[in-house]
Amino acid sequence: MIAPHQTDFHVHPDYSIDAEGSIREYCEKAVSIGLKKICFTTHIDLDPRREEFDPFMRIDGEKRRIKPEILNLYQEEIQYEARRFAKRDLEVFCGIEIDYFEGVEEVWKNFNSGLEFDFIIGSVHCIDAIAFTWSKHAPSCFKRNDSRRFYEKYYKSVVGLARTGLFDCVGHLDGYRKYAAASIPGGLDDPPAELVESALAAIKEADIGIEINSAAIRHKVGQTYPSEALLRKAAEMEVPVVSLGSDAHSPDWLGVGLETSSKYIGEFGLIWRPRC
Ligand SMILES: [Zn+2]
Ligand SMILES: [Zn+2]
């Protein structure tokens with residue numbers, strides 16, 4: 001029986017332009033820290049309004065416009081390493097993290113030439129095409145939207161994400177905490193209960209789940225994404241946790257915080273229902 005903390009299902013190798021570390025380096029690190037399962041989840045950001053910033057991947061050290069062929073190479077490299085590391089008791093999965101925006105299903109369908117992935121995280125990183133998860137743009141996002149407006153738009157996006165039928169998991173549910181405190185004097189208020197509940201209900205209805213993302217530890221904002229309060233709400237509404245993830249952007253951060261996330265499952269009485 002593999003324990004939750006032996007699995008890391010949110011990992012960015014150097015195919016992501018904001019990450020470093022090859023797939024092999026990550027796998028070596030995974031073995032060295034006792035992980036049994038690892039899933040790579042490189043960024044796929046296809047919002048046409050963000051052409052200038054997002055739709056890129058790195059291949060052989062070069063930043064290139066994202067193309068199905070590159071995704072194909074990504075998948076092949078993961079499959080190759082998966083065969084090698086199976087001998088060392090590590091299961092390696094091929095996933096992606098897709099940025100959610102309205103209409104993403106159609107854009108993804110037109111982009112993807114039939115590749116299948118083991119695990120797909122859907123994450124909301126932007127409001128009105130402005131990235132609140134990016135230090136450079138977060139202040140302008142929070143300036144345009146006070147807490148209430150921000151939350152209305154954000155949690156409406158999460159409902160939309162859940163209803164696409166495209167995803168296995170909602171990434172870093174309250175990831176907005178990363179820059180909110182630095183951008184707004186006093187930080188954001190707590191999210192209105194009815195908005196959180198509507199999003200969690202949509203996730204449950206869609207038969208998907210949330211991840212517990214321990215990057216909050218690295219970002220020094222405390223707890224995990226989602227926060228303890230949101231995790232308690234998820235437990236109460238019986239929304240399953242489908243994965244734990246460090247959201248590592250370098251091998252040094254692989255697996256960091258998984259013990260804490262794993263402890264939360266038991267402590268809050270969350271349902272643990274991994275997809276693979
Ligand atoms: Zn993300
Ligand atoms: Zn990520």
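Atoms within a ligand are numbered from 1 in the order they appear, just like the ligands themselves.
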- For the Zn ion (ligand 1), find the closest N/O/S atom on Glu97 and give its atom name. OE2
Assess [X]: does it contribute an N, O or S atom lying under 2.8 Å from the Zn ion (ligand 1)?
X: His10; answer: no
X: His43; answer: no
X: Asp247; answer: no

Salt bridge between [X] and [Y], side-chain N to carboxylate O under 4.0 Å?
X: Asp47; Y: Arg49; answer: yes
X: Arg149; Y: Asp146; answer: no
X: Glu152; Y: Arg148; answer: yes

- Item | Residue from Glu97, His43, His137 passing side-chain hydrogen bond (donor to acceptor under 3.5 Å, both in side chains) with His125 | Glu97
